[in-house]
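Model, not experiment: these values are computed from the prediction. We name chains A, B, ... by the order of the sequence lines, and we start the count at 1 in each one. Below, all heavy atoms of this structure are taken into account, side chains as well, without hydrogens, waters or symmetry copies.
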There are 2 protein chains.
Amino acid sequence: MIAETASLRERRRAETRRTLQTHAVRLFMARGYDATTINDVAEAAGVSAMTLYRHFATKEDLVLYDEFDRETAAALAAQQQEEPLRQRIGRALVQTAATAVNSDRDLLLARLNLMISTPALQARHLDSQYATEIAVVDTLCAGTTDPDLEFRIRSTTAACLAVIHVALIRWAEGDGRQDLPTLMRQALTSAFDTAF
Amino acid sequence: MIAETASLRERRRAETRRTLQTHAVRLFMARGYDATTINDVAEAAGVSAMTLYRHFATKEDLVLYDEFDRETAAALAAQQQEEPLRQRIGRALVQTAATAVNSDRDLLLARLNLMISTPALQARHLDSQYATEIAVVDTLCAGTTDPDLEFRIRSTTAACLAVIHVALIRWAEGDGRQDLPTLMRQALTSAFDTAF
DNA sequence: CGCAGATTTGTTAGTAACTATCAGCATGGT
DNA sequence: ACCATGCTGATAGTTACTAACAAATCTGCG
């Protein structure tokens with residue numbers, strides 16, 4: 001008996017999702033994003049176009065989907081509360097990135113390369129980063145009603161995430177040869193003049 | 001120097017462009033972005049859809065187009081070179097925003113409100129901010145070949161722009177009642193712990 | 001096991017953003 | 001006046017995405 005709480009339905013759903021993303025990234029890399037249609041991806045994954053849309057709302061989501069937000073929020077909660085805000089946010093992001101590189105390096109690199117070279121994906125990548133910003137701010141603002149404090153938290157979070165983005169892009173442009181966490185810490189340090 | 005010898009063609013082109021944007025923003029605010037078609041906008045402006053596409057590559061550009069990048073680059077060049085990088089970038093952005101508010105307040109507010117309430121526009125807004133980042137980095141990196149220095153400049157620029165974005169959104173959410181330059185300086189100060 | 005209810009999937013038909021192409025027209029320098 | 005150049009419009013696509021319905025599949029319960 002399988003002890004996983006995931007029902008057969010849930011497991012198959014997750015499976016289909018991963019299959020779709022894998023085939024999509026492979027095809028996009030091989031033929032180009034624009035030259036590959038939703039039908040191509042659906043066919044390669046062995047499902048109908050309609051089913052694909054039930055798993056990914058847009059073509060872009062095929063490349064953009066990941067679990068970054070949730071993991072960052074968790075890493076954030078694990079930070080020492082005495083540290084300054086900037087450090088907590090920055091370190092949580094660096095840790096999440098380190099984990100991601102260790103588990104999914106090749107897929108992550110492929111996805112980032114697609115995001116860099118495809119204008120439509122570049123725009124949506126920034127948008128997904130904004131979603132991360134919201135997740136971080138929500139975590140940090142739990143129980144806060146002071147709009148002024150929330151404003152300061154949001155400003156700091158946005159700055160950290162933007163810096164992290166620069167490091168991510170640089171990492172992908174160098175095809176992952178440099179160490180991502182190190183790059184991120186360097187970027188944070190030069191933006192804030194503080195150690196991370 | 002760009003000669004002010006705007007030919008009749010150029011003037012009419014700019015005129016058509018402005019007319020299209022004005023009608024577009026008006027219709028989007030009245031009926032909603034998604035519920036308004038390109039044809040609606042073209043018809044309201046008295047041109048064909050094909051002509052509209054020759055002025056704006058995408059529906060989103062109808063809302064997003066402005067001259068922010070160029071003005072920011074100019075303001076940046078006018079900063080005192082002795083100041084730290086962060087201050088130069090931050091102040092250039094604040095100055096540009098101040099000018100924009102003085103000349104085009106209502107249109108700017110309407111455009112921002114649309115960007116906030118329309119997911120597709122929100123994503124592209126972040127992307128257009130990224131274009132500003134590139135413009136700023138290009139200005140600051142003129143003559144630089146050191147990739148490390150460029151990396152630091154990019155990190156700092158990204159951080160400043162992200163913070164400015166937070167202030168911009170906050171300003172629009174408050175319907176422009178607060179002073180935008182002040183909001184921006186507050187956001188910069190709380191993110192960097194430095195005066196701007 | 002078998003049945004009822006919920007979830008997932010496929011099919012079809014449609015909307016609207018965007019592109020390519022070609023032909024007609026205004027414009028600006030000679 | 002005249003020709004090259006660029007602006008405009010009509011037409012006919014392609015493709016991402018949605019709505020609606022019908023068929024297949026899973027889950028939980030008796």
Side-chain angles (χ1 to χ4, degrees), chain A residues 1-21 23-25 27-28 31-65 114-115 118-125 127, chain B residues 3-21 23-25 27-28 31-65 114 118-124 127:
Chain A
M1 48 192 80
I2 296 122
E4 309 303 335
T5 52
S7 66
L8 177 59
R9 254 182 201 158
E10 279 163 355
R11 266 180 291 137
R12 280 187 57 170
R13 187 170 178 77
E15 175 89 13
T16 306
R17 209 183 166 82
R18 199 170 50 245
T19 305
L20 278 166
Q21 188 176 47
H23 281 285
V25 170
L27 289 176
F28 292 160
R31 306 183 197 172
Y33 179 80
D34 292 326
T36 309
T37 69
I38 288 282
N39 270 314
D40 293 339
V41 176
E43 202 170 328
V47 298
S48 72
M50 202 54 233
T51 297
L52 187 152
Y53 278 116
R54 294 219 177 80
H55 288 269
F56 296 93
T58 69
K59 186 180 179 182
E60 290 130 16
D61 285 336
L62 281 165
V63 179
L64 292 165
Y65 175 80
L114 281 170
M115 293 178 207
T118 312
L121 289 175
Q122 201 179 86
R124 285 292 314 277
H125 181 206
D127 191 47
Chain B
E4 279 302 318
T5 66
S7 65
L8 176 58
R9 253 181 202 159
E10 280 161 355
R11 268 180 288 138
R12 280 187 56 171
R13 186 170 178 79
E15 175 88 15
T16 306
R17 210 183 167 81
R18 200 170 48 244
T19 304
L20 278 166
Q21 189 175 47
H23 281 285
V25 170
L27 288 176
F28 292 160
R31 305 183 199 172
Y33 179 79
D34 291 327
T36 309
T37 70
I38 289 281
N39 270 314
D40 292 340
V41 176
E43 202 170 328
V47 299
S48 72
M50 203 53 236
T51 297
L52 186 152
Y53 277 115
R54 294 225 175 74
H55 288 268
F56 296 92
T58 69
K59 187 180 179 182
E60 290 130 15
D61 285 336
L62 281 165
V63 178
L64 291 164
Y65 176 80
L114 281 170
T118 311
L121 290 175
Q122 201 178 87
R124 286 291 316 277
D127 192 47

Is any side-chain heavy atom of [X] less than 4.5 Å from a side-chain heavy atom of [Y]?
X	Y	result
A/Met115	A/Arg124	no
A/Leu52	A/Leu62	yes
A/Phe28	A/Leu121	no
B/Tyr65	B/His55	no
B/Thr37	B/Asp40	yes

Whole-Å gap separating [atom2] ([N]) and [atom1] ([X]):
X	N	atom1	atom2	result
B/Leu52	C/dA16	CG	P	16 Å
A/Tyr53	C/dG14	OH	P	18 Å
A/Arg124	D/dC17	CZ	C1'	13 Å
B/Lys59	D/dC17	NZ	P	14 Å
B/Phe28	C/dA17	CZ	C1'	12 Å
A/Met50	D/dA19	CE	P	9 Å

Kindly compute the distance separating CD (B/Gln122) from CG (B/Asp127), expressed to the nearest 0.5 Å. 13.0 Å

Return the OG1 to CG distance between B/Thr58 and B/Leu64, rounded to the nearest 0.5 Å. 7.0 Å

Where along residues 33-46 of chain A does a heavy atom come under 4.0 Å from DNA chain D, residue by residue in number order? A/Thr36, A/Thr37, A/Ile38

Does CD in B/Glu43 sit with more than 12 non-hydrogen atoms of other residues, nucleotides or ligands closer than 6.0 Å? no

Nucleotide N/O to protein N/O under 3.5 Å, stretch nucleotides 7-9 of chain C:
unit_1, atom_1, unit_2, atom_2, d
C/dT7, O4', A/Arg9, NH1, 3.2
C/dT9, OP2, A/His55, NE2, 3.4

